[in-house]
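Given the structure is predicted, the values throughout are model-derived calculations rather than measurements. All chains are named by letter (A, B, ...) in the order of the sequence lines, taking the proteins before the strands, and each is independently numbered beginning at 1.
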Protein chains: 2
Amino acid sequence: MSSLFVRTLREDPVDAEVPSHRLLVRAGYIRRAAPGIYTWLPLGLRVFRKVEAIVREEMDAMGAQELQFPALLPREPYEATNRWTEYGPNIFRLQDRKGGDYLLGPTHEEMFTLVVKDLYSSYKDLPVWLYQIQTKYRDEARPRAGLMRGREFVMKDSYSFDVTDAGLEASYAAHRAAYVKTFDRLGFDYVVVRATSGAMGGSRSEEFLASSEVGEDTYVRCTTCDYAANVEAVQVRPPAPVPYDDAPAAHAEQTPDTPTIATLVDHLNEAFPREDRPWHAGDTLKNVLVVLKHADGTREPLAIGVPGDREVDQKRLEGMLEPTEVAPMDEAELARHPALVKGYIGPGALGADHASGIRYLLDPRVGEGTRWVTGADVPGSHVVDLVAGRDFTGDGTIEAAEVRDGDPCPNCDDGVLETARGIEMGHIFQLGRKYAEALDLKVLDENGKLVTVTMGSYGIGVSRAVPVIAEDNHDELGLVWPREVAPADVHVVATGKDAAVFEAAATLAEGLSAQGVEVIYDDRPKVSPGVKFKDAELIGVPTIVTVGRGLVEGNVEVKDRRTGERTEVPVGEAVAHLVEVVRG
Amino acid sequence: MSSLFVRTLREDPVDAEVPSHRLLVRAGYIRRAAPGIYTWLPLGLRVFRKVEAIVREEMDAMGAQELQFPALLPREPYEATNRWTEYGPNIFRLQDRKGGDYLLGPTHEEMFTLVVKDLYSSYKDLPVWLYQIQTKYRDEARPRAGLMRGREFVMKDSYSFDVTDAGLEASYAAHRAAYVKTFDRLGFDYVVVRATSGAMGGSRSEEFLASSEVGEDTYVRCTTCDYAANVEAVQVRPPAPVPYDDAPAAHAEQTPDTPTIATLVDHLNEAFPREDRPWHAGDTLKNVLVVLKHADGTREPLAIGVPGDREVDQKRLEGMLEPTEVAPMDEAELARHPALVKGYIGPGALGADHASGIRYLLDPRVGEGTRWVTGADVPGSHVVDLVAGRDFTGDGTIEAAEVRDGDPCPNCDDGVLETARGIEMGHIFQLGRKYAEALDLKVLDENGKLVTVTMGSYGIGVSRAVPVIAEDNHDELGLVWPREVAPADVHVVATGKDAAVFEAAATLAEGLSAQGVEVIYDDRPKVSPGVKFKDAELIGVPTIVTVGRGLVEGNVEVKDRRTGERTEVPVGEAVAHLVEVVRG
């Protein structure tokens, strides 16, 4: 400790919002260099390297091959896939001295695709699984929580290349299994949640989220079964069709001054009271209008019908339509559609076949035979007893309604959903042929025919794992590292002023090092025991050994940082005892 | 080999000028991503990682501590040291989404200085030696030779921090010793040459150059002693003073139409023939005029006096004056100094005390008592028998004259210099207090007084080492890796179509892997033995084992890639034999 390049701080850094950030700075693991850009100090780098080693071991064990692309990349491949434009302000762009355009790679789909195209040409070469562990760059609008959302960070990204969809399934399954092994070793709680793969749709996608209250990602899980999904990926189970043979015919009613769901429900209960139960928002069908901004610059209006007791969830909506951008429809745009009566818009005016011609997508809850109160497309009037499938249909369904605690589980019969928070640590998904098509990656199949390759994409946030582990492994005194990623195995503290103590402590530290045990030895002569213990707790090495007063009886004290359990061990047996503790 | 991500090429890549570049591409180690920017394929990455591990081991062994700075750096610290401007077009600059200025770090002096300032405050904390192994960026005007001069590359850079000059000397010596160990392990010939440290002057600086004909750096070495120096760093031994009591007085002579050294020498031999030997260019003193462009924008004329048989070496001159830029004096500037007569400029008009007031620096060969013919500052006239120290003096000396093969060695009495070429692989030098002063890095000394820290700077080209090793370890068939950095220990080739051969080869490969030996196993079923052998020679693993025809007699063939030596080994003993070969 007298020569280790570290300084612990008693005060929290002012910009740190979450415990892991505070503790990693205070314990001397990292320092901020610029917003979202950090320096790894020696202790931090040790933890980072252990995380990196675990990720690499598991990738190698599954048979993936490591290579490394540059971080500074030419524009052209990203132009071919349109991502040079699509990334908008989220990537760092620069020019070289000749005016050539470059970017700092945020992900490397293009480069992986091109290198396989360069080297391989036959189905016999596939499948191949390639990965890199590499520094990546994203110009985040709001970097936060230290290393958790940085602008320079390290990711493991891998890609699988297959000829067939079944091959992709197998490659995906192999990665999923390797990820489970990796995350089991890293030492934090996590959950695997279903995710969307945006506009690519249909293909499988899962995220590995670290369970954490400070996480940015919200997901839902079932209180009964093991279902867990990103909010964007929740797929509502459509209700069974409701018979409607006996249903009354739809009838328009005067509902003056009811432009909102709340005013409408009040009016219904007053003017048309129901015997069995009062009207409520869930009886109404709300039609929300938005405008899609497609990548090619065109704009398209879209109507979404959801039960009146639910809002449209902007993130779920965007997730379904990605990479198309979505904006609310403004008054000017609305005015261009005379069939739409604000506050009283109904299915009668919506859909490809109707007055407005606006595409109309329905929430899955609006199933065959369900009955609704909705706008009559006339000011101050609503239609009652409108039956889906009889009186109206949409142009399709969309999962855009908000997901709420207590919603029925889509996966089991008894459970309900509850929301929880997490940090995205891994993402696996079936890319399909998008990049292979854009960059013309084809191989000859068994029949000598050129076929487009299908790809899987698999990422792990390697530098992010450090704060995530810290988030899940700390107490009020400091960090509590799991053994496999700790910056050292044993922290030896020499206390007092007695030369014999320092001699015994140094001998112990050397003895441990000789056995391959990694030691931090606090040899500082003029620092009080209190400060030394505080530093040891803060730094969080799993085993803390105190050589001090007990030495006169021939003992040292071995303390487990996590449990606090203390054991007196004869100094002569300390090395053997600690090797046993460290090796488990 | 059937699944390894590699494709060997029979043709040289068109852009490859040097053998290492050709072979690393052909053998499937690297691929170009953009000019001066390369992708490491799996084989290349393995070699790179082994080089990296050697560098790291030796840095750790000397007691240096590893940390890691970001590559994306804010402008401010580089502004404080003026390097944001000084680097000119040689660095990549970019802006983030908020318009903040950033650069991709070419070296990290500022960051190291600032982190020590952040953590340390007392002389007791020093010395400290810090290093990182990190991706760096330089926008080279002419990237060349593959990885040898790239725009994205990996360097180990370290810095020492000391309070005293003696401390810096010790830190420098420790780094020098670690570098010798490192380069001895990496497996290429190298030479340690004296180097300049530019305008910082005075302090020690040495380069570790890989001896190579394809190197960009020219250095000189003594044919007799172990002297070696960068051309910029050669310091001429000044001649012993020549007695001039009996020398004739200087006399001006008419030398019409002799504005050049050649015309002057011809005229002297015609008009004033010498008895003992003819006049030659070395008898004349040539005065060269340049203009210095200082960093603060000011310009200063400078005159340099060198023997007429030598040119001023622009690189040596710039090396002495760095970071000031040097340009020849143009006609317009010359016209502003009426005392200077073009073609006939002499010491009579030069120097702070003379007509022009231009600073006048002399080559060390213009020593006390030496006699010269030089311009008389009158058109068509030169002064003969002008004696240095009697008739003129300069304002100082400068090492700017060219260095030539056959020049006397500055270090010994018998040797002469010869030029050789090399590739800069390492550079160690004493930075002194320049950065510490610019960034205000001070610590309290023993007396409680704030003192500025003195720094050493030490670099190794880690990614560059891969082509450098290849350059020194190849033959006409391919690469010949030294064992310590080879991508594998043993390359097992199965030949023929016999299932028993493939079975035996697979068993051997597995047996070796189980012993921790790294194996490439060529299991390709339909590839001819000729192609397999060619690939094995090209890839260059140190030991090649053929399992083939000999198997019927129970033997495999073990071949040393470097010597070509072949040994028949019973298949049952092959694992043990090869473990012995690999472990040495």
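Residue Leu104(B) touches chain A through its side chain alone, counting heavy-atom pairs closer than 4.5 Å. Of the atoms belonging to Tyr137(A), it is side-chain heavy atoms, and not backbone ones, that fall under 4.5 Å from chain B. Only the side chain of Leu130(A) comes within contact range of chain B, with at least one heavy atom under 4.5 Å from a heavy atom of that chain. Only the backbone of Tyr38(A) comes within less than 4.5 Å of a heavy atom in chain B; its side chain stays farther off. Contacts between Glu152(A) and chain B at a heavy-atom distance below 4.5 Å involve the side chain alone, from C-beta outward. Contacts of Arg46(A) with chain B are absent, with no heavy-atom separation under 4.5 Å from either backbone or side chain. Only the backbone of Val6(B) comes within contact range of chain A, with at least one heavy atom under 4.5 Å from a heavy atom of that chain. The contact between Asp118(A) and chain B is made entirely by side chain atoms (from C-beta outward), counting heavy-atom distances below 4.5 Å. Both the backbone and the side chain of Leu67(A) have a heavy atom closer than 4.5 Å to some heavy atom of chain B. For a residue to count as touching a neighbouring chain, one of its non-hydrogen atoms must lie under 4.5 Å from one of that chain's; by this rule Ile91(A) does not touch chain B. Within the 4.5 angstrom heavy-atom criterion, only side-chain atoms of Arg49(A), from C-beta onward, approach chain B. For Glu76(A), no part lies near chain B; criterion is any non-hydrogen pair under 4.5 Å. At a 4.5 Å heavy-atom cutoff, the contact between Arg31(A) and chain B is made by side-chain atoms alone. For Glu140(A), the part sitting under 4.5 Å from any heavy atom of chain B is the backbone (N, CA, C, O) and nothing else. With a 4.5 Å cut-off on non-hydrogen atoms, Val115(A) touches chain B through its backbone and its side chain both.
Options Leu4(A), Leu43(A), Leu126(A), Val116(A) differ in how many heavy-atom pairs under 4.5 Å they form with chain B, and the most are formed by Leu4(A). When the candidates Leu45(B), Leu94(B), Asp139(B) are compared by the number of heavy-atom contacts under 4.5 Å with chain A, Asp139(B) comes out ahead. Among Ser2(A), Ala141(A), Gly28(A), the residue with the largest count of heavy-atom pairs under 4.5 Å with chain B is Ala141(A). Ranked by heavy-atom pairs under 4.5 Å with chain A, the list Pro77(B), Ser3(B), Pro35(B) is led by Ser3(B). Between chain B and the residues Ile30(A), Val128(A), Asp125(A), the largest count of heavy-atom pairs under 4.5 Å involves Asp125(A).
Summarising the geometry of Tyr102(B) relative to Ile37(A), their closest heavy-atom pair is CE2-CD1, 4.0 Å, with the distance given to 0.1 Å. Shortest non-hydrogen contact noted between Arg97(A) and Asn90(B) is NH2-OD1, 2.6 Å. Considering every non-hydrogen atom in both Gln95(B) and Phe92(A), the closest pair reads O-CD2, 4.3 Å. The two residues Pro74(A) and Ala33(B) come nearest to each other via the heavy atoms CG-O, 3.5 Å.
Enclosure of atom CZ in Arg142(A) is not indicated, since only 12 or fewer non-hydrogen atoms of other residues, nucleotides or ligands lie within 6.0 angstrom.
Contact check for Glu66(A) versus Trp40(B): no side-chain heavy atoms found under the 4.5 Å cut-off.
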